[in-house]
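A short write-up of the structure that comes next.
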Amino acid sequence: MSTFQAPKGVSEYFPPISEQFEYVRDQLLKTARLAGYSLIELPVFEDTEVFTRGVGESTDVVSKEMYTFEDRGGRSITLRPEGTAGVMRAVIEHNLDRGQLPVKLFYTGPFFRAERPQAGRYRQFYQVGIEAIGYNDPEIDVEVIAVADSAFKALGLKKYKLNITSLGDAKSREAHRKDLVKFIATLKLDESTIVRARLNPLRLFDDKRDEIRSAMTKAPLLLDYLSPESSEQFERVKALLTDIGIAYEIKPTMVRGLDYYTGTTFEFDHQMLGAQSGIGGGGRYDGLMSSLGGADVSGIGFGLGVDRILMACQAENSLPALINQIQLFIAPITQAGKSYAFKLLSELRSSGVTCDMAYGDRALKGAMKAADKSGAKYGLVIGDDEISSGKCELKLMSSGEVISSSLKLSELINRIGNK
RNA sequence: GUGGGCGUAGCUCAGCUGGUAGAGCACCCGGUUGUGGUCCGGGAUGUCGCGGGUUCGAGCCCCGUCGCUCACCCCA
């Protein structure tokens, strides 16, 4: 008999790690809500053109990493490889940018890229992202960065770094690109690198080979080509970051994989991760809306990798030991005890107490063992004695101490409900 | 798409120069007619990834294949 395996390269979470995953994702969402962002829930697939036009044909993501297929109506559909293009599609479609600006949205869910998997890189992975649409304002740039940074801090992360740069406006980039292409033409490069450079000359700044790295140290930097407006914007962003105590490093050679980025651009890197160390990144995308057929409205946002952030938390051992702890676990004896316990659980749960019991026909020892394994705070035995007296012994599982030796069952909810 | 490493019990792995499988953890039962974690005793579990070849004999050697993994590339 053959069995099944999950498709290649997907991340799956089940207990106990799924508890950590949920905790990490919720922490990220909470931080976004704290800054006034609201949920936008979107499909995981879109018209392929949303991405080819939004993200850019020349990017690796679009040219070779998309899950694209034809649906039954002959439409070309693509599983979303990133979040921003879809959000912009929805903003345009539903005229969300017609009201008061900025529009501040957050999203979460799975994303898909058909890459070769490796540590921290999956074909289905999870992101939490936010988008602030409507103004090109340094304060908003910094707010977005700060949301990511405080989410990381809330998760107890320490060993990460923020890299920022500015890609300037279209004029700045054009002038720089011209000179950069000229410079690259003077280098001796192999075929595939030349192809890469033609698609996006900035890519060479990210090459890991020593000879190319050292050659590129003499290359012209985009930061030196910023227009006065772009330059001023970037200066204010840096000043504001300093004001609110966020450390950063300027990385003039930073390259992002999506074509829509303009102006302020940033990445968070974790030091204990491995080759795929980026835990989040984003930037301004001032031409994206109009290129998707919307108004000429600017925006900025980020995408955070939930899978990688979870790995970072594990590496730093920063997560609480007990997540979603069960309050009470009941070990029943005899069928009567079992029935009684079952009914009691129903009442406790109605009052918001997280609780569980031992099922099956286990001996008391086995039932207590189950209580232990559940990680519950309190343990309780229910048998004939408890039923006839209406009283029980409430036990603190961590120490074994009996908290109350004859607690009325009717008072159980009051006793542990708010503790 | 290109490289490297690895596939043995649920998990982590051992298995010598080829002689038809083992440990630890986890799980279940008992020692304690109704109180877990420690300790002691007992128990179940494997087509040794799959297919072929060499051999009297293959977990081990050879070929193929599938899968996993790490890295390049790229990125969350």
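Quick caveat, the model's predicted, so the values are computed rather than measured. In the text below, chain A, chain B and the rest are named by the order of the sequence lines, each starting its count at 1. Computed over heavy atoms, backbone and side chain alike; hydrogens, waters and symmetry mates excluded.
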- Note: for A:Gln124 and A:Lys64 on RNA chain B, the residue whose nearest nucleotide lies more 5' is A:Lys64
- Just call it for A:Lys8: base, sugar-phosphate, or nothing, with non-hydrogen atoms closer than 4.0 Å on any strand. sugar-phosphate
- Message: Say we look at B:U2 and B:A58: how far apart would their C1' atoms be, to the nearest angstrom?
- Response: 33 Å
- Whole-Å distance between B:C73 P and A:Leu204 CG? 12 Å
- Query: Which part of the nucleic acid does A:Arg256 contact within heavy-atom distance under 4.0 Å: base, sugar-phosphate only, or nothing?
  - Reply: sugar-phosphate
- Counting side-chain heavy atoms from C-beta on, which of B:G1, B:A76, B:G34 comes nearest to A:Gln127? B:A76
- Message: In whole Å, measure the gap between the C1' atoms of B:C60 and B:U20 for me.
- Response: 13 Å
- Task: Look at the aromatic rings of A:Tyr13 and A:Phe21 and report parallel, tilted or perpendicular, splitting at 30° and 60°.
- Result: parallel
- Task: Under 4.0 Å between any heavy atoms, over every strand shown, what does A:Glu267 touch: base, sugar-phosphate, or nothing? Just pick one.
- Result: nothing
- Query: What is the nucleic acid contact for A:Arg362, judged by heavy atoms within less than 4.0 Å: base, sugar-phosphate only, or nothing?
  - Reply: sugar-phosphate
- Query: Using a distance-only test with no angle check, is there a side-chain donor-acceptor pair under 3.5 angstrom linking A:Asn136 and A:Asp286?
  - Reply: yes
- Nearest whole angstrom, please: distance from the P of B:A76 to the OH of A:Tyr122. 16 Å
- Min side-chain heavy-atom separation A:Leu240-A:Asp141 under 4.5 Å: no
- Query: In terms of side-chain heavy atoms, does A:Glu65 have a donor or acceptor partner in A:Tyr67 at a distance below 3.5 Å?
  - Reply: no
- Message: In this structure, how many angstroms lie between the P atom of B:C74 and the CG atom of A:Asp259, rounded?
- Response: 14 Å
- Close side-chain approach of A:Leu202 and A:Leu180, heavy atoms under 4.5 Å: yes
- Query: Hey, is the side chain of A:Arg121 pairing donor to acceptor with the base of B:C74 inside 3.5 Å?
  - Reply: yes
- Could you tell me the separation between the CD atom of A:Glu386 and the P atom of B:U35, rounded to a whole number of Å? 11 Å
- Message: Under 4.0 Å, heavy atoms only, any strand: does A:Ala119 hit a base, just the sugar-phosphate, or nothing?
- Response: sugar-phosphate
- Donor-acceptor pair under 3.5 Å, A:Asp372 side chain vs B:G36 base: yes
- Remember a base hit wins even if backbone is also touched, and classify A:Gly366 as base, sugar-phosphate or nothing at under 4.0 Å, heavy atoms. nothing
- Round to the nearest Å and state the distance from A:Asp356 atom CG to B:G36 atom C1'. 15 Å
- Query: Whole Å only: how far is the CZ atom of A:Phe4 from the C1' atom of B:C68?
  - Reply: 19 Å
- Message: With rounding to the closest Å, how many angstrom separate the C1' atoms on B:U45 and B:A26?
- Response: 12 Å
- Should the pair A:Lys178-A:Glu174 be classified as a salt bridge under the 4.0 Å nitrogen-to-oxygen rule? no
- Distance between the P atoms of B:G15 and B:G22, in whole angstroms? 15 Å
- Describe the nucleic acid contact of A:Ser398 in one word from base, sugar-phosphate, nothing, applying a heavy-atom distance below 4.0 Å. base
- Gap in Å between the two P atoms, one belonging to B:G43 and one to B:G24, rounded: 13 Å
- Query: A:Phe125 stacking on B:A76: centroids under 5.5 Å, ring planes under 30°?
  - Reply: yes
- Across the strands shown, which category fits A:Arg203 at heavy-atom distances under 4.0 angstrom: base, sugar-phosphate, nothing? sugar-phosphate
- Task: Could you tell me whether A:Tyr126 contacts a base, only the sugar-phosphate backbone, or nothing, with contacts defined as non-hydrogen atoms closer than 4.0 Å?
- Result: nothing
- Find which nucleotide of RNA chain B each of A:Phe268 and A:Ala275 is nearest to by heavy atoms, and output the residue with the more 5' nucleotide. A:Ala275
- Task: For nucleotides B:G10 and B:C6, find the distance between their P atoms and express it as a whole number of Å.
- Result: 23 Å
- Query: Do the side chains of A:Leu348 and A:Ser351 get nearer than 4.5 Å, heavy atoms only?
  - Reply: no
- Message: Can you confirm whether A:Tyr135 sits close enough to A:Ile300 that some side-chain heavy atom of one is under 4.5 Å from a side-chain heavy atom of the other?
- Response: no
- What distance, rounded to whole Å, do you find between the two C1' atoms, one in B:G52 and one in B:A9? 27 Å
- Query: Rounded to the Å, how far apart are A:Met357 CE and B:U35 P?
  - Reply: 19 Å
- Query: Reckon A:Lys365 touches a base, only the sugar-phosphate, or nothing at all at heavy-atom distances under 4.0 Å?
  - Reply: base
- Message: Any side-chain N or O of A:Gln118 below 4.0 angstrom from OP1/OP2 of B:C72?
- Response: yes
- Message: Between B:C13 and B:G3, how far apart are the two P atoms, rounded to whole Å?
- Response: 27 Å
- Nearest-Å distance for atom pair CD/C1', residues A:Gln276 and B:C72: 10 Å
- Which nucleotide sits closest to the side chain of A:Asp60: B:C73, B:A76, B:A71? B:C73
- Message: Over all strands shown, is A:Ile279 touching base, sugar-phosphate only, or nothing at heavy-atom distances under 4.0 angstrom?
- Response: sugar-phosphate
- Note on the structure: In RNA chain B, consecutive runs of at least three Watson-Crick or G-U pairs below 3.5 Å, as range with range, amount to B:1-7 with B:66-72, B:10-13 with B:22-25, B:27-31 with B:39-43, B:49-53 with B:61-65
- Name the nucleic acid region contacted by A:Gly120, choosing base, sugar-phosphate or nothing; use a 4.0 angstrom heavy-atom cut-off, strictly under. base
- Scan side-chain atoms only and decide if A:Glu19 and A:Asn324 contain a donor-acceptor pair under the 3.5 Å cut-off. yes
- Message: Students often get this wrong, so: under 4.0 angstrom with heavy atoms, is A:Gln5 touching a base, only sugar-phosphate, or nothing?
- Response: sugar-phosphate
- Query: What nucleotide, of B:C74, B:G34, B:A76, holds the atom closest to the side chain of A:Arg308?
  - Reply: B:A76
- Query: Out of B:A26, B:C74, B:A71, which has the shortest distance to the side chain of A:Lys373?
  - Reply: B:A26
- Using the six-membered ring wherever Trp is involved, compare the ring planes of A:Tyr260 and A:Tyr285 and label them parallel, tilted or perpendicular (cut-offs 30° and 60°). perpendicular
- Would you check if A:Tyr107 and A:Val87 make a side-chain contact, meaning some heavy-atom pair closer than 4.5 Å? yes
